[in-house]
Amino acid sequence: MNYIVMDLEWNQASDEKTKLANELLFEIIEIGAVKLNDKKHQIDSFHELIKPQVFHRMNQVTGELIHIQMEQLSNCRSFEEVAGDFLKWCGEDYVFCTWGGADLTELQRNMEYYHMSSLSSGPLKYYDIQKLFSIAYEDRKTRRSLKYAVDYLEIEQDIAFHRADSDAYYTAKVMSHFYNPALFDNYSFDTYQLPKSRADEVHAIFENYEKYISRPFPDKLTAMQDKEVISTRCFLCGANTKRRIPWFSVNNGKHYYTVVCCKTHGYLKGKIRMRKSVRDDCIYVVKTLKSIDENGVTDILKRKQQTREVRKERRHRL
DNA sequence: GTTATTCTTAGTGAGCCTGG
DNA sequence: CCAGGCTCACTAAGAATAAC
C-alpha cells in the first residue's frame with residue numbers, strides 16, 4: 001500500500017456579496033502530493049495549480065499567506081481535470097496522509113460541488129500526521145503547526161511553507177521521523193461522508209480503546225435513544241458489561257460519560273461526543289471505550305459531582 | 001392546586017489554537 | 001478575512017421537586 005501525502009491550498013470570497021452568491025465556501029486552487037511506497041520511500045510527486053471557477057479575486061489575507069496570484073492561475077486546468085488526474089495518479093491501493101483534518105473534507109466538498117463521484121461511501125480512513133506528531137513527540141492532544149514540527153525535528157527548510165507541494169514535502173519529511181511503526185496504528189477517519197446505515201457504522205479497535213462512528217441522527221435525544229449508540233460491550237472480548245455509572249452529560253450535552261465493568265477485563269470508560277455533520281443538517285456520534293482502573297472510576301465520579309456543584313454555585317451567585 | 005426553589009439542559013459568545 | 005476544534009463563562013428556559 002502507498003501513502004499519498006497530500007496538501008491543498010484554497011481561496012475564498014473577498015467580500016460578503018460574493019460569499020453569499022456562491023454555494024462553495026472554499027475553492028481549491030492547488031494540489032500538492034508526495035507518493036511513498038510501503039517502506040515510506042518517496043516514489044513520485046504530484047503538483048498542479050487550478051484555474052478558479054468560483055472566486056475570481058484572491059482574498060487578501062489568503063493571498064499573503066499562500067503567495068499565489070490570480071494571474072498565475074489563468075492558464076491552468078479546471079478542478080475537475082486536475083482532481084481527476086490527481087486521483088488517477090493516486091492509484092488503487094493507497095491511504096491519504098495530511099497535516100490536520102481539513103484537507104480531505106475540503107477535497108470532498110469541492111468534488112461534490114462539481115458532481116464528481118465521491119471518494120468514499122462512508123467515513124474515509126486516513127493518517128493525520130499532525131496528530132501522529134503529537135502522539136510521537138508531545139501529549140497526543142496539542143496540535144502544532146507544520147512549521148513547529150519541522151523546527152522541532154530540525155528538518156532543513158529549503159523551500160517556503162504554505163504551498164501545496166512544499167507542505168506535502170515537509171509533511172512527508174516529518175513522517176520519516178516516525179521510527180516506531182506502531183504509530184501508524186493511530187489512523188483517523190474523515191467524516192465528510194457519514195455511515196449510510198447501521199451496518200456501515202465504524203467500529204475501529206485500537207491498542208487500548210475502541211472508536212465508534214454512528215450513522216446520522218436528527219438530534220441528540222434521538223441519538224441517545226439508539227441501542228448501538230449507548231451500547232457498551234467490552235471491545236476486548238465482546239462480552240456484555242455491567243453499568244456502574246449511568247450515562248451523564250457534561251459540557252452542556254455535547255459530551256456524555258459512563259463507566260461499565262467487564263467480567264474479565266475490568267472497568268471501561270465510555271465517552272460520547274455529539275458532532276455536527278459538515279455536509280448536512282444532522283448530528284452523529286463519536287463514542288470511545290477505554291480501559292480504566294479504580295482511580296479512573298473515581299475520576300469520573302468526581303467529574304459527575306463537579307459539574308453538579310459548578311451549576312449549583314452559579315445559581316447561588318445569581 | 002398554586003407558587004417557589006432547585007435541578008438540568010440548550011444555546012451563545014469569547015478566547016485560544018489549527019487550517020486556507 | 002474565512003472555517004474548524006476545544007474550553008469556559010454565562011443566560012434562558014423547561015422539568016422536577018418542595019413548600020405553601
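Chain letters run A, B, ... following the sequence lines, proteins first, then strands; residues in each count from 1.
- A:E106 meets the side chain to side chain donor-acceptor pair (under 3.5 Å) test with A:R109; sequence neighbours excluded.
- Residue A:R109 is classed as having no contact, given no heavy-atom separation below 4.0 Å to the nucleic acid.
- Within 4.0 Å of A:Q60, counting heavy atoms only, lies no atom of the nucleic acid at all.
- Separating the CD1 atom of A:I66 from the P atom of C:dA3 is a distance of 17 Å, rounded to the nearest angstrom.
- Using a 4.0 Å heavy-atom distance criterion, A:Q130 is classed as a sugar-phosphate-only contact.
- Taken residue by residue, residues 16-34 of chain A places heavy atoms nearer than 4.0 Å to DNA chain C at A:K19, A:L25, A:F26.
- The interatomic distance linking A:F133 (CZ) with B:dC17 (P) rounds to 17 Å, in whole Å.
- Using a 4.0 Å cut-off between charged nitrogen and carboxylate oxygen, A:D226 and A:R198 do not count as a salt-bridge pair.
- The CG atom of A:L104 sits 16 Å away from the C1' atom of C:dA3 (whole-angstrom rounding).
- Note on A:R275: only backbone sugar-phosphate atoms sit closer than 4.0 angstrom, heavy atoms only; bases stay farther off.
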Give every donor-acceptor pair under 3.5 Å between a side-chain atom in residues 204-212 of chain A and any protein atom, sequence neighbours left out.
from	atom 1	to	atom 2	distance (Å)
A:Y212	OH	A:E201	OE1	3.1
A:Y212	OH	A:E201	OE2	3.0

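- The salt bridge (Lys or Arg N to Asp or Glu O under 4.0 Å) pairs that include a residue from residues 152-174 of chain A are A:E30-A:R163, where partners are two or more places apart or lie in different chains.
- At whole-Å resolution of the value, CZ in A:R140 and C1' in C:dC6 are 18 Å apart.
- Atom P of nucleotide C:dC2 and atom CZ of A:R57 are separated by 14 Å, given to the nearest angstrom.
- Phosphate contact (OP1/OP2 of B:dG19, side-chain N/O of A:W99, threshold under 4.0 Å): present.
- Listed by chain and residue number, A:E112 satisfy the side chain to side chain donor-acceptor pair (under 3.5 Å) test with A:R279 (two or more places apart in sequence, or in another chain).
- Between the NZ atom of A:K131 and the P atom of C:dG5 there is a distance of 15 Å, rounded to whole Å.
- A:D128 comes within 4.0 angstrom of nothing in the nucleic acid, heavy atoms only.
- Residue A:V278 is found in a hydrophobic cluster whose other members, listed by chain and number, are A:Y192; membership requires side-chain heavy atoms under 4.5 Å apart, directly or through intermediates.
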**Message:** Would A:D44 and A:W89 count as a side-chain hydrogen bond (donor to acceptor under 3.5 Å, both in side chains) here? Give the steps.
**Reply:** CA-CA 9 Å; A:D44 203 357; A:W89 173 85; 2.8 Å; yes
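- Judged as a ring-ring contact (aromatic ring centres under 6.0 Å, His included), and not counting sequence neighbours, the contacts of A:F184 are A:Y3, A:Y127.
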**Request:** For the pair A:D299 and A:K269, evaluate salt bridge (charged side-chain N to carboxylate O under 4.0 Å, His left out) and give the outcome as yes or no after the intermediate values.
**Result:** CA-CA 10 Å; A:D299 284 349; A:K269 166 176 89 172; over 6 Å; no
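- For the salt bridge (Lys or Arg N to Asp or Glu O under 4.0 Å) condition, the pairs that include at least one residue of residues 83-100 of chain A, sequence neighbours left out, are A:R77-A:D85, A:D85-A:K88.
- Nucleic acid contact class of A:D167 (heavy atoms, under 4.0 Å, all strands): sugar-phosphate only.
- Among the nucleotides B:dA10, C:dC6, C:dC1, the one closest to the side chain of A:V61 is C:dC1.
- Taking atom CG of residue A:D7 and atom P of nucleotide B:dT18, one finds them 16 Å apart after rounding to whole Å.
- Its side chain within the 4.5 Å cluster rule, A:L49 clusters with A:I29, A:M58, A:L65, A:I66, A:I68, A:M70, A:L73 among the Ile, Leu, Val, Met, Phe, Trp and Tyr residues.
- Pairs engaging residues 174-194 of chain A under the salt bridge (Lys or Arg N to Asp or Glu O under 4.0 Å) rule: none recorded [sequence neighbours left out].
- Distance CE (A:M274) to P (C:dG5): 15 Å, rounded to an integer number of Å.
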Please list, for nucleotides 13-15 of chain B, all pairs of protein and nucleotide N/O atoms separated by less than 3.5 Å.
none

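- The stretch residues 143-153 of chain A touches DNA chain B through A:R143, A:R144, A:S145, A:L146, each having a heavy atom within less than 4.0 Å of the strand.
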